[in-house]
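Worksheet: one structure, shown below.
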Amino acid sequence: MTSLIYVTLGISCFLIFIYTLRKNRKTFRLPPGPLGIPLLGYLPWLDPKNPHVSLTSLARKYGPLCGLRMGSVYTILLSDPRLIRQAFAKDAFAGRAPLYLTHGMMQGYGLICAEGDLWKDQRRFVAGCLKNLGMVKFGTRRDKMEERILATVNECISKLRSRATVDGIDPLETLHHCMGNLMNDLVFGKVYQEDDEVWRWLRHLQEEGVKHIGVAGPLNFLPFLRFLPRYGKVMESLIDGKLKSHRLYETIIDEHRARREKVDSFLAAFDEEMRNRTDAGNAGYFTRPQFYHLLADLFGAGVDTTLTTLRWLLLFVAVHPDEQKKIQDEMSELLGQRQPGLTDRPALIRLEAAISEIQRLRSVTPVGIPHGTTQDTQIGDYDVPKGTMVIPLQWAIHTDPSYWHEPLRFKPERFIAQDGSIARPEAFLPFQAGKRMCVGDELARMILYLFAAKILRSFVISAPSDACIDLDGECGITLVPKPHRLVFTSRE
């Protein structure tokens, strides 16, 4: 009986594939790309461990607009920054890719997977919250945000100093706790002790989710695989983690309401808005399911990308001590004995250039965050059907030798203009572009700068003499460094 179900599902998917392919060929002028095979499309040739490398090879072969089928999802790869900006400025490209894990699990809630009016409404709300919290150019709110960030940065410095050994340590646990607690403070209005069991579980859940919910995951494109034991266990684990985290959020919301005190956090702002709208008889999109999914999105996106960029930065400056010394010498010259703050950021050109170079060389989301088309549309001379997944292929752009000289080398000076200011090349898209670009980009820059500046002000970072450093990383949703050790030597 079970075998019959698999056969029926397989035949159904095959017929759908053939029908869609023939329909597309008759109706649309699609971009060039590989044909693939029925049902699976190009998936058999996609390296699940390094999808960004596989897709970049296709982009190099077929050009800046490449079309292919990944299982049940027709996909277009964009590897030209001008095309990305042009396309993502249009409403037709402001949807999300029809991936099973994200759409099936998240059901269109939150911000990352939301579309249409829900996404527009919640993005406005989140942008307003960020401004109220201090993501502004100047003023007392910005000063308060800086204080909140520096509190966790100083804790991080203290922990790194107390744990440092001559043989080196893996800084991941310390960095994850401190940066994660900063987002706990901003999103939930609470923080945890490092050894708190709930907090340890949340960190583990985030790490596992990042591994499994990747663009290359076959479950995204072949949903019927969930009926197979191997993939069924993955789905069960992800859904169980989601439900447990939502129950935890409900407890945190109840604790916040019981305290009856003003807290500057996303949770407090959403709860107040939801209650006000409910009392007025017009809750709109401010519902419990949306509440839970939005909290998860804000926390996950806020921690993972910034934490990963910081880890890559520390790893690369350890491997390139000359570049590290240039950053530290500049800080010593400009700051004297005082510690760096946000007002110093425009002057610390070497540090800003190194951060930008890391964002280029080790794009945190090397295949970008996929968009989806909400209607039939066009890119350049080609048609794009409704429901297409559109991938802004950051890895291809950020390693393209036509944009970057010696693109695989760590060269921060490429982001320093002739007049000594910071350069922003057209082919640099760390936060993507268009209507769905990262809503918290400026907050991410603030956090990354303050963590990096204070750590490099406090320590000389090096690799242990017996270490073999791997700079390739592991790819899930994000491209993360493999486990490693670093030596933190106090500069005081």
Side-chain angles (χ1 to χ4, degrees), residues 105-114 117-136 140-141 144-145 147-149 151-152 155 177-206 209 239-303 439-440 443 447:
M105 283 182 57
M106 307 308 173
Q107 301 173 310
Y109 289 114
L111 189 62
I112 296 174
C113 297
D117 292 338
L118 169 62
W119 165 71
K120 292 177 182 178
D121 180 86
Q122 294 297 285
R123 185 179 173 90
R124 281 194 298 268
F125 171 76
V126 170
C129 284
L130 284 167
K131 290 180 180 179
N132 290 333
L133 287 171
M135 198 184 82
V136 290
T140 57
R141 286 182 294 176
K144 288 180 179 178
M145 173 63 81
E147 290 177 9
R148 294 174 82 164
I149 299 172
T152 57
E155 180 188 2
H177 164 67
C178 294
M179 195 168 286
N181 244 356
L182 171 61
M183 293 311 299
N184 279 327
D185 181 32
L186 295 175
V187 175
F188 301 107
K190 69 176 295 179
V191 295
Y192 295 94
Q193 293 297 315
E194 189 170 9
D195 59 355
D196 185 283
E197 286 300 317
V198 171
W199 178 220
R200 291 173 67 91
W201 173 77
L202 283 170
R203 297 204 302 269
H204 172 74
L205 186 68
Q206 183 191 13
I239 292 174
D240 182 62
K242 169 188 161 180
L243 294 177
K244 286 181 178 177
S245 63
H246 286 187
R247 286 196 290 270
L248 174 62
Y249 298 162
E250 187 172 4
T251 300
I252 297 173
I253 294 168
D254 292 341
E255 290 174 352
H256 162 72
R257 289 180 171 180
R259 285 198 302 269
R260 295 179 177 276
E261 60 185 35
K262 181 174 175 56
V263 179
D264 287 331
S265 69
F266 280 102
L267 183 148
F270 191 100
D271 188 54
E272 181 179 5
E273 185 73 14
M274 182 173 66
R275 293 208 277 183
N276 289 341
R277 292 193 179 206
T278 301
D279 290 343
N282 182 27
Y285 297 115
F286 287 80
T287 63
R288 278 278 177 157
Q290 173 62 13
F291 200 173
Y292 301 148
H293 286 84
L294 183 62
L295 290 174
D297 280 357
L298 294 173
F299 176 80
V303 174
V439 69
L443 176 60
I447 294 171

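The figures here come from the full heavy-atom set of this structure, side chains too, leaving out hydrogens, waters and symmetry mates. Nothing fancy with the numbering, it's 1 onward along the sequence.
Contact between Arg200 and Asp195 at its shortest, heavy atoms only, is CD-O, 3.7 Å. Gly241 and Trp201 make their closest contact through O-CH2, 4.1 Å (heavy atoms, listed as atom of the first residue, atom of the second, distance). Of all the heavy atoms in Leu130 and Gly440, the pair that sits closest is CD1-CA, 3.9 Å. Nearest heavy atom pair, residue Ile112 against residue Ala301, reads CD1-CB, 4.3 Å. The two residues Val303 and Met183 have their closest heavy-atom pair at CG2-CG, 3.4 Å.
Counting non-hydrogen atoms of other residues, nucleotides and ligands closer than 6.0 Å to CD of Glu272 gives a total of 12 or fewer.
Contact check for Phe299 versus Leu186: no side-chain heavy atoms found under the 4.5 Å cut-off. With a 4.5 Å cut-off on side-chain heavy atoms, Lys244 and Leu205 do not count as touching. In this structure the side chain of Arg148 reaches within 4.5 angstrom of the side chain of Asp264, judged on heavy atoms. At least one side-chain heavy atom of Leu202 sits under 4.5 Å from a side-chain heavy atom of Leu248. When side chains are defined from C-beta on, Lys190 does not count as touching Leu267, because their heavy atoms never get closer than 4.5 Å. Between Tyr249 and Phe291 there is no side-chain heavy-atom pair separated by less than 4.5 Å. At a threshold of 4.5 Å between non-hydrogen side-chain atoms, the residues Thr152 and Ile447 do not count as touching. Counting heavy atoms from C-beta outward, Leu294 and Phe266 have side chains that stay 4.5 Å or more apart.
Asp297 contributes no side-chain N or O that, together with a main-chain N or O of Gly110, makes up a donor-acceptor pair within less than 3.5 Å. Of the possible donor and acceptor atoms, none in the side chain of Arg141 sits under 3.5 Å from a partner among the backbone N and O of Val136.
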Residues Arg275, Asp271; criterion salt bridge (Lys or Arg N to Asp or Glu O under 4.0 Å); working and verdict: CA-CA 6 Å; Arg275 293 208 277 183; Asp271 188 54; 3.5 Å; yes
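Interatomic distance, OG of Ser265 versus CG of Asn132, reported as 11.5 Å (0.5 Å rounding). The distance from atom CG of Leu443 to atom CG of Leu182, rounded to the nearest 0.5 Å, is 7.5 Å. From Asp121, atom CG reaches atom CD of Gln290 across 8.5 Å, with rounding to the nearest 0.5 Å. Of the inter-residue distances, the one linking Ile149 atom CD1 with Glu147 atom CD reads 10.5 Å to the nearest 0.5 angstrom. The CG atom of Leu295 sits 12.0 Å away from atom CG of Leu111, with the distance rounded to the nearest 0.5 Å. Between Asn282 atom CG and Asn276 atom CG the span is 12.0 Å, to the nearest 0.5 Å.
Trp199 pairs with exactly one of His177, Glu194, Gln193 by the side-chain hydrogen bond (donor to acceptor under 3.5 Å, both in side chains) rule, that one being His177.
Using a 30° and 60° split on the angle between ring planes, Phe270 and Phe286 fall in the tilted class, from 30° to 60°. Relative orientation of the Tyr292 and His246 rings is tilted, given thresholds of 30° and 60° on the angle between their planes.
Asn184 and Asn181 are linked by a side-chain donor-acceptor pair at a separation below 3.5 angstrom, with hydrogens and angles left out of the test. Using modelled atom types, one finds no donor on one side chain facing an acceptor on the other under 3.5 Å when comparing Gln107 with His293.
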